[in-house]
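All heavy atoms count here, side chains included; hydrogens, waters and symmetry mates do not. For ligands, and for the atoms within them, numbers begin at 1 and follow the listed sequence.
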Amino acid sequence: MFARVARFVRGIRSNTPRPSRRKGPVDDEDALRRCKRLHGLAQIIASDLDLERIVQSVTDMATEECGAQYGAFFYNVEDEAGEAYQLFTLSGAPREAFEHFGLPRNTAIFEPTFRGKGIVRSDDIRADPRFGKNPPYYGLPQGHLPVVSYLAVPVVSRSKKVLGGLFFAHAEPGRFDENCEDFVRGIAAHAAVAIDNAHLHRRAQIELEQRKRAEERLELLLGEVKHRYKNAVVTIQSIATQTFKDASAEAHERFGARLSALGKALDLLTTRDWDRIAAADVVTRALAPFDSGRRWSANGVEASLSSDSSLILSLALHELATNALKYGAWSNGEGRVDVSWEFADLERTRLRIHWQEIGGPPVSPPERSGFGTTLIDRALGGPQGSAKIEFAPDGLRCTFEVPL
Ligand SMILES: Nc1ncnc2c1ncn2[C@@H]1O[C@H](COP(=O)(O)OP(=O)(O)OP(=O)(O)O)[C@@H](O)[C@H]1O
Ligand SMILES: [Mg+2]
């Protein structure tokens with residue numbers, strides 16, 4: 001792209017005579033040529049997203065077209081932290097000619113440009129009442145390139161933000177006419193659009209980069225959480241072994257199984273997307289430990305669950321599955337369990353899950369309830385919930401809902 005711009009500008013240099021002082025009527029041919037150049041430049045910078053190249057093309061062409069001895073574009077940029085600073089690009093003069101003067105200060109002469117108030121064009125800037133009024137130089141600093149003819153055009157974005165200013169100078173008076181002012185005004189408008197686009201592009205790139213870094217940090221954190229959680233489970237297990245020394249082996253086993261179900265549910269949350277998990281994944285994972293020789297099916301709509309809902313669904317399924325093994329469809333080696341789910345409402349804010357046992361021994365309502373049914377009642381019942389356990393003779397049925 002840069003080569004294209006350079007060729008373009010070189011082509012113009014060789015084909016066009018340096019514009020001299022134009023004070024007569026506007027020449028049609030000249031106007032058409034300028035129009036074409038403006039159009040050409042607009043096309044080039046509109047397809048570019050590199051800020052430096054855009055400002056360089058703009059400065060080169062405007063300096064060339066106005067017959068300025070040198071031109072500069074001071075433009076505002078933001079760093080990654082959003083701090084504003086100013087850069088400049090030059091045409092017709094080496095960088096060293098400007099570098100030691102620092103950036104233009106907020107003097108009376110520069111004010112209309114940097115505040116986006118309007119164009120300043122002067123046949124002899126030394127005669128301007130605003131010139132030379134500010135310390136420390138009171139005019140041009142010593143060693144500065146001569147400035148007599150002066151043209152300064154603000155570059156303002158669609159949102160009225162001042163993006164920078166274009167400045168042109170000549171050592172002789174009366175070098176910049178109205179046509180030249182119009183041309184630079186046109187260039188400034190195109191430049192504003194191109195710079196806006198380049199800023200947007202850069203911001204999008206920064207955001208992408210930041211998101212990537214945040215994801216990496218999250219991944220690291222997730223690994224750490226998982227590691228700590230596993231350590232905590234081992235600690236709980238050994239505390240339980242110590243505390244329930246006198247309890248039966250069966251009680252030990254049940255506690256261990258529940259702890260491990262909780263572990264697997266949490267594992268699921270850390271190995272997959274942190275907060276959304278497919279319902280099918282939760283069901284399959286919860287029933288997988290009961291797979292050997294047990295028969296079950298899982299069918300339902302495609303839905304993803306929040307971490308809270310996945311956790312409670314995993315624990316409820318674990319309790320239902322252990323009960324099926326102890327008392328229900330899986331206790332006689334013949335029965336089976338069908339798990340299915342659907343959206344509970346049109347807005348799809350809740351998921352309804354059905355647990356159906358078939359082919360087990362005849363079922364009658366129990367006289368006592370233990371941890372399993374209490375968990376389902378407490379966690380999924382209540383005024384908001386809708387857990388229902390039916391001890392039907394041909395097999396236990398349980399329906400409950402979780403929020404999506
Ligand atoms: N799938 C089932 N088929 C037949 N009866 C069941 C089934 N599930 C539970 N029951 C009956 O309901 C009672 C209560 O179950 P619950 O899960 O609350 O307690 P538990 O399994 O006996 O003990 P815990 O769950 O505390 O280990 C059981 O004792 C059993 O009689
Ligand atoms: Mg139970």
Side-chain angles (χ1 to χ4, degrees), residues 233 236-266 268 279 282-300 308-342 351-402:
V233 169
I236 294 170
Q237 202 110 43
S238 73
I239 291 173
T241 313
Q242 290 299 315
T243 314
F244 305 123
K245 267 207 294 275
D246 304 329
S248 67
E250 198 206 333
H252 266 283
E253 202 181 302
R254 271 186 296 169
F255 177 78
R258 279 174 181 143
L259 200 61
S260 126
L262 181 70
K264 288 204 179 90
L266 282 165
L268 189 68
V282 179
V283 174
T284 316
R285 189 88 170 220
L287 298 186
F290 303 89
D291 216 10
S292 59
R294 328 277 166 221
R295 285 166 299 274
W296 56 272
S297 69
N299 293 298
D308 282 355
S309 294
S310 327
L311 197 61
I312 194 65
L313 175 58
S314 300
L315 296 180
L317 290 174
H318 175 78
E319 291 308 321
L320 287 165
T322 50
N323 282 355
L325 201 60
K326 285 193 285 184
Y327 322 105
W330 288 336
S331 66
N332 63 359
E334 283 170 28
R336 54 177 291 113
V337 175
D338 288 334
V339 185
S340 60
W341 59 93
E342 80 238 347
L351 197 68
R352 185 179 297 131
I353 296 108
H354 303 275
W355 173 279
Q356 167 79 69
E357 296 181 24
I358 312 143
V363 176
S364 54
E367 279 157 20
R368 57 167 284 277
S369 62
F371 179 81
T373 47
T374 309
L375 177 118
I376 293 170
D377 258 354
R378 293 242 175 103
L380 299 158
Q384 295 275 297
S386 57
K388 204 167 95 186
I389 302 179
E390 280 177 76
F391 293 91
D394 56 342
L396 179 133
R397 279 196 282 273
C398 178
T399 307
F400 56 90
E401 289 177 15
V402 291

Atom indices of ligand 1 within 4.0 angstrom of [X] heavy atoms, with elements:
X: Lys326; result: 20 (P), 21 (O), 23 (O), 27 (O)
X: Arg368; result: 13 (C), 14 (C), 22 (O), 23 (O), 29 (O)
X: Phe391; result: 6 (C), 9 (C), 10 (N), 11 (C), 12 (O)
X: Pro366; result: 11 (C), 12 (O), 13 (C), 31 (O)
X: Val363; result: 4 (C)

Return the [atom1] to [atom2] distance between [X] and [Y], rounded to the nearest 0.5 Å.
X: Ser331; Y: Glu357; atom1: OG; atom2: CD; answer: 8.5 Å
X: Ile358; Y: Leu396; atom1: CD1; atom2: CG; answer: 11.5 Å
X: Phe371; Y: Thr373; atom1: CZ; atom2: OG1; answer: 10.0 Å
X: Arg397; Y: Gln356; atom1: CZ; atom2: CD; answer: 5.0 Å
X: Gln242; Y: Gln237; atom1: CD; atom2: CD; answer: 12.5 Å
X: Phe400; Y: Leu313; atom1: CZ; atom2: CG; answer: 5.0 Å

Do Arg285 and Ser314 have side-chain heavy atoms sitting under 4.5 Å apart?
no
Going by distance only, is there an N or O of [X] that falls short of 3.5 Å from an N or O of ligand 1?
X: Gly370; answer: yes
X: Ser369; answer: no
X: Gly372; answer: yes
X: Glu357; answer: yes

Going by heavy-atom distance to atom 2 (C) of ligand 1, choose the closest among Leu325, Asp377, Leu396, Leu320.
Leu396
Which option, Asn323, Thr373, Leu375, owns the non-hydrogen atom nearest atom 21 (O) of ligand 1?
Asn323
Strictly under 2.8 Å, is the Mg ion (ligand 2) approached by any N, O or S atom of Thr373?
no
Take atom NZ of Lys326 as the centre, draw a 6.0 Å sphere, and report whether it contains more than 12 heavy atoms from other residues, nucleotides or ligands.
yes
Mark the output for Glu367 as yes if a heavy-atom distance to ligand 1 is under 4.0 Å, and as no if none is.
no
Main chain of Gly333, side chain of Arg295: is a donor-acceptor contact present, judged purely on distance under 3.5 Å?
yes
To which protein heavy atom is [atom] closest, and what is the distance rounded to 0.1 Å?
atom: atom 5 (N) of ligand 1; value: Tyr327 CB, 3.6 Å
atom: atom 3 (N) of ligand 1; value: Gly328 CA, 3.5 Å
atom: atom 24 (P) of ligand 1; value: Arg258 NH2, 3.3 Å
atom: atom 26 (O) of ligand 1; value: Phe371 N, 2.7 Å

Will you find, in the side chains of Asn299 and Ser340, an N or O donor that is under 3.5 Å from an N or O acceptor?
no
Let me know which of Leu325, Leu320, Val337 forms a side-chain contact (heavy atoms from CB on, under 4.5 Å) with Phe290.
Leu325
